[in-house]
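Model, not experiment: these values are computed from the prediction. Just follow the structure's listing: the first ligand is 1, and inside any ligand the first atom is 1.
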Amino acid sequence: MDGGPRNTIRLSATPRGVRAAAALLRQKGCVAFPTETVYGLGADARDDRAVAGIFAAKDRPLFNPLIIHAASADAALALCGEAKRAEVLAAAFWPGPLTLILPKRRGSGLSELVTAGADTLAVRVPAHPLATALLTSFGAPLAAPSANPSGRVSPTTADHVLDGLTGRIDAVLDGGPCEVGVESTILDLTGAHPRLARPGGVPLGALIDALGEPPAPMRPGPITAPGQLASHYAPTTHLTLAAQGADPTALWLAFGALNGRRGLTLSESGDLVEAAANLFAHLRALDAEAETAGETCILIDPIPEQGLGAAINDRLRRAAAPRTASHQNATP
Ligand code: TXA
Ligand code: MG
């Protein structure tokens, strides 16, 4: 498929929709599909031109590598070299919201663009029936970053995908809202010790149970991947984190009851799983409301750091960070 404007179609969650999506992927197209975490923008991971289409559609910097999605743990691990604990973690969490960074196997057949030339590979097996059906029907691994313009909030519905990428991708397979709502946890197994590279859908406690020890914390310092940049997942309205008080004139993203405040709550009952599922959709809705009402700021309740709270706070901190010039330019 060429790089010009595209007629983006919405495909239904039916065997026919899945077959149509697989056919577009075989023609080297870009198709968004649901996973349990967020929607991914998929393309044939073995084909340079198809993978280049993902970077073009998202305006994603070419140095930022992509996650490979496979239908089964065997198919995922076949792309990788040996790494201590890879099989234990795969057995414990796949299919599910864990991405493992492993050595890339020589002769894996993957496009060099997927890994941005590196010798490590990020792989996962998504737990969503439509993702599994698509990967099985296509019959090969898909490279898939989140299906949003680079630097913007990740999509948890097909409408979110279309908001950001209509005219830039071939289709979205509509599977309704994503259950987890934040991206996968990324664990790097290529060093001497497992290292957390991104908090996400698998809580730290579950990783510790499987590893028998805590992974090394996220590496501070120079950062090369936009998902790890200080400013990412950004709405246009300014966000104030861990806001205090109950200003009724302000716009709130609450955790727990709104108690008469204007805005939305991530979870009335203070449930972090529900809060993660609502996070990106609520950020989008409040951003739109703020724009309509001419508000400049959204106040956000403090959110506990335990369980999925770590991933929620990580995304909120990045969404609240000052935008860099490259991200201002990244939005089409
Ligand atoms: O839940 C998810 O992980 C979603 C769904 C669609 O699967 N995908 C996702 O992809 O969040 P993306 O591209 O938005 O974030 C992938 C992150 C990026 O920060 C990227 O730099 C990092 O994974 N990454 C990919 N390959 C890597 C590698 N070989 N080494 C280190 N980091 C890598
Ligand atoms: Mg992303």
Remaining members of the apolar cluster that contains Val88, side-chain heavy atoms under 4.5 Å: none
With heavy atoms of Ile186 as the reference, note each atom of ligand 1 found under 4.0 Å away. 17 (C), 23 (O)
When only distance counts, is Thr35 in polar contact with ligand 1, meaning an N/O pair under 3.5 Å? no
Polar proximity ligand 1 side, Arg60 side, N/O cut 3.5 Å exclusive: yes
Can a donor-acceptor pair be found between the side chains of Ser154 and Arg315 at a distance below 3.5 Å? no
Between Tyr39 and ligand 1, is there a nitrogen or oxygen pair with a distance under 3.5 Å? no
Testing the 3.5 Å rule here: is there a donor-acceptor pair between the side chains of Thr157 and Asp159? no
Say whether Arg198 and ligand 1 are in contact under the criterion: heavy-atom distance to a ligand atom below 4.0 Å. yes
Please identify which of these residues, Leu98, Val125, Thr185, meets the side chain to side chain contact (heavy atoms under 4.5 Å, CB included) condition with Phe93. Leu98
Pull out every atom of ligand 1 sitting under 4.0 Å from any heavy atom of His69, numbered as shown with elements. 5 (C), 6 (C), 7 (O)
Looking only at side chains, do Asp59 and Ser150 share a donor and an acceptor under 3.5 Å apart? no
With respect to atom 18 (C) of ligand 1, which of Asn64, Asn148, Leu41 exhibits the smallest heavy-atom separation? Asn64
Among Cys178, Ser146, Pro65, closest by heavy atom to atom 8 (N) of ligand 1 is Ser146
